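Contents: one structure, followed by commentary.
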Amino acid sequence: MHTLLLDAKQKGAVEKAAEILRNGGLVGMPTETVYGLAANALDGAAVAKIFKAKGRPQDNPLIVHVSGFGQIGRLVESVPERAEKLAEAYWPGPMTLVMKKSPLVPDIVSAGLPTVGIRFPSHPVARALITAAGVPIAAPSANRSGLPSTTTAQHVLRDMGGRIDAVLDGGPCGVGVESTIVLLTSDPPRLLRPGGITLAQLRAVLGRVDVDPAVLNPLPKGARALSPGMKYKHYSPKANVIILHGGEGDYVRYVNAHGGPGVCALCYSGEESLLRVPAVAYGGEKDYPAQARRLFDALRHLDDIGAQTVYARCPKPEGVGLAVYNRLMRAAGFEVVSVG
Ligand code: TXA
Ligand code: MG
């Protein structure tokens, strides 16, 4: 299959992508978080192609994207008041709400669960595409299963070229990590995956919000994941990522003492010049939004330069830093070495 590259700025590009979606095809779609692999959510056969193209396990449900709050009514059993409040505050934006699904949502979308995750993205190209398609859009991140999510159209092409009908290029993603997922069917509501909307922002609207243990810790063997995506090895480059816990001086000393063929660093901005191994910086130490924006791109870049072992700096699990921490810990398979 030839994959069409469509520039969202060109006249007719969004319409063309929408037509592909209406005809049951797959389109790489820019969103403010990461690129999505889009299909008509109401077309079970189209959704099945997503799982095949990604190599995604069948028991991992997809998020359904809408271009207006009014569209969620027919996708869910009922709209909880907590959903209205969160939507009012943070939609359109990087937040997914998990609610009881209606029979209209095919079982393949929810992977057999009684719930569905719904998101109203803020990216203007995503909104225009969903509106033009005229249907809700199922979309996981547009990467091969297990690899870091894609944040540029070029990365989508590299992972999915030849496997999908088109990629709509809307430029690099602004947030850079996937949406915050909130489970609204439990009391109190529960954070299943941290993202651009922070825990503090959720609590400001809802009061109490619990953090699912899978956000911070590896899932114990045999345990059931509330968010099935959390049980898979994830966001992993080919290289072996090891997080070094300690201050800048200790980090630099450790890395420089352990240099060698294939050894690289994933460091904070300004540390490159102190390191004697190839180093990729992904933002300032306290600049969590920059780290989120650049993390997946940096992990892919490290693979490109032939990294075998990556010694990484990892932020504190606070604010948007919690999302970065969550992704980086998974990329590292929770391997942390204390150097301080
Ligand atoms: O920002 C995002 O959320 C991106 C863009 C494209 O919108 N999408 C995304 O999709 O990250 P994906 O499929 O890569 O991750 C979705 C996560 C998975 O971990 C999945 O298990 C979880 O959401 N999920 C989806 N539906 C769920 C449900 N009904 N209950 C619990 N978890 C759910
Ligand atoms: Mg994903």
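What's counted below: heavy atoms across the whole structure, side chains too, no hydrogens, waters or symmetry copies. Order of listing sets the numbers, starting from 1, for every ligand and every atom in it. Treat the numbers as computed from the prediction; the structure is a model and nothing was measured.
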For the pair [X] and [Y], find out whether any cationic side-chain nitrogen is under 4.0 Å from an anionic carboxylate oxygen.
X      : Y      : answer
Asp250 : Arg253 : yes
Arg208 : Asp187 : no
Arg127 : Glu32  : no

Heavy-atom nearest neighbour of atom 25 (C) of ligand 1 within options Pro61, Ala139, Pro121, Gly36 =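 Checking each option, the heavy atom nearest atom 25 (C) of ligand 1 is found in Pro61.
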
Which protein heavy atom lies closest to [atom], and at what distance to 0.1 Å?
atom                    : result
atom 9 (C) of ligand 1  : Ser141 N, 3.7 Å
atom 15 (O) of ligand 1 : Arg193 NH1, 3.1 Å
atom 29 (N) of ligand 1 : Thr115 OG1, 3.0 Å
atom 3 (O) of ligand 1  : Ser179 OG, 2.6 Å
atom 32 (N) of ligand 1 : Ser227 OG, 3.2 Å
atom 31 (C) of ligand 1 : Leu226 O, 3.3 Å
atom 20 (C) of ligand 1 : Asn60 OD1, 3.2 Å
atom 5 (C) of ligand 1  : Thr33 OG1, 3.6 Å

query = Quick check: are there more than 12 heavy atoms from other residues, nucleotides or ligands sitting under 6.0 Å from CZ of Arg158?
reply =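 Check fails, neighbour count at 12 or below.
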
task = Report, as yes or no, whether the 6.0 Å neighbourhood of atom CZ on Arg276 holds more than 12 heavy atoms from other residues, nucleotides or ligands.
result =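 Count not over threshold, so no.
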
query = Would you say Glu178 and ligand 1 have an N/O pair spaced under 3.5 Å apart?
reply =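 N/O-N/O distance under 3.5 Å: no.
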
query = Purely on distance, is any nitrogen or oxygen of His65 under 3.5 Å from one on ligand 1?
reply =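 Yes; at least one N/O pair falls below 3.5 Å.
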
ask   = Is there a heavy atom of Met29 sitting under 4.0 angstrom from any atom of ligand 1?
value =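 No, Met29 has no heavy atoms under 4.0 Å from ligand 1.
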
request  = Could you tell me whether ligand 1 has any atom less than 4.0 Å away from a heavy atom of Arg56?
outcome  =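 Yes.
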
request  = Just let me know how Lys101 lines up against ligand 1, side chain, backbone, both or neither, with a heavy-atom cut-off below 4.0 Å.
outcome  =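 Neither part.
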
message = Just to be sure I read this right, does ligand 1 sit under 4.0 Å from the backbone of Ile181, its side chain, both, or neither, counting only heavy atoms?
response =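 Under 4.0 Å from ligand 1, Ile181 contributes side-chain atoms alone.
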
task = Output yes when a side-chain donor or acceptor of Glu272 lies under 3.5 Å from a complementary backbone atom of Gly270, and no otherwise.
result =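 Indeed, once roles are kept as given, a pair shorter than 3.5 Å links the two residues.
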
key: N/O/S from Ser141 sitting under 2.8 Å away from the Mg ion (ligand 2)   =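 Yes - counting backbone and side chain alike, Ser141 has an N, O or S atom under 2.8 Å.
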
message = Need the ligand 1 atom indices (1-based, order shown) with element for anything under 4.0 Å from a heavy-atom of Val98.
response =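 Per the distance check, 28 (C), 29 (N), 30 (N).
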
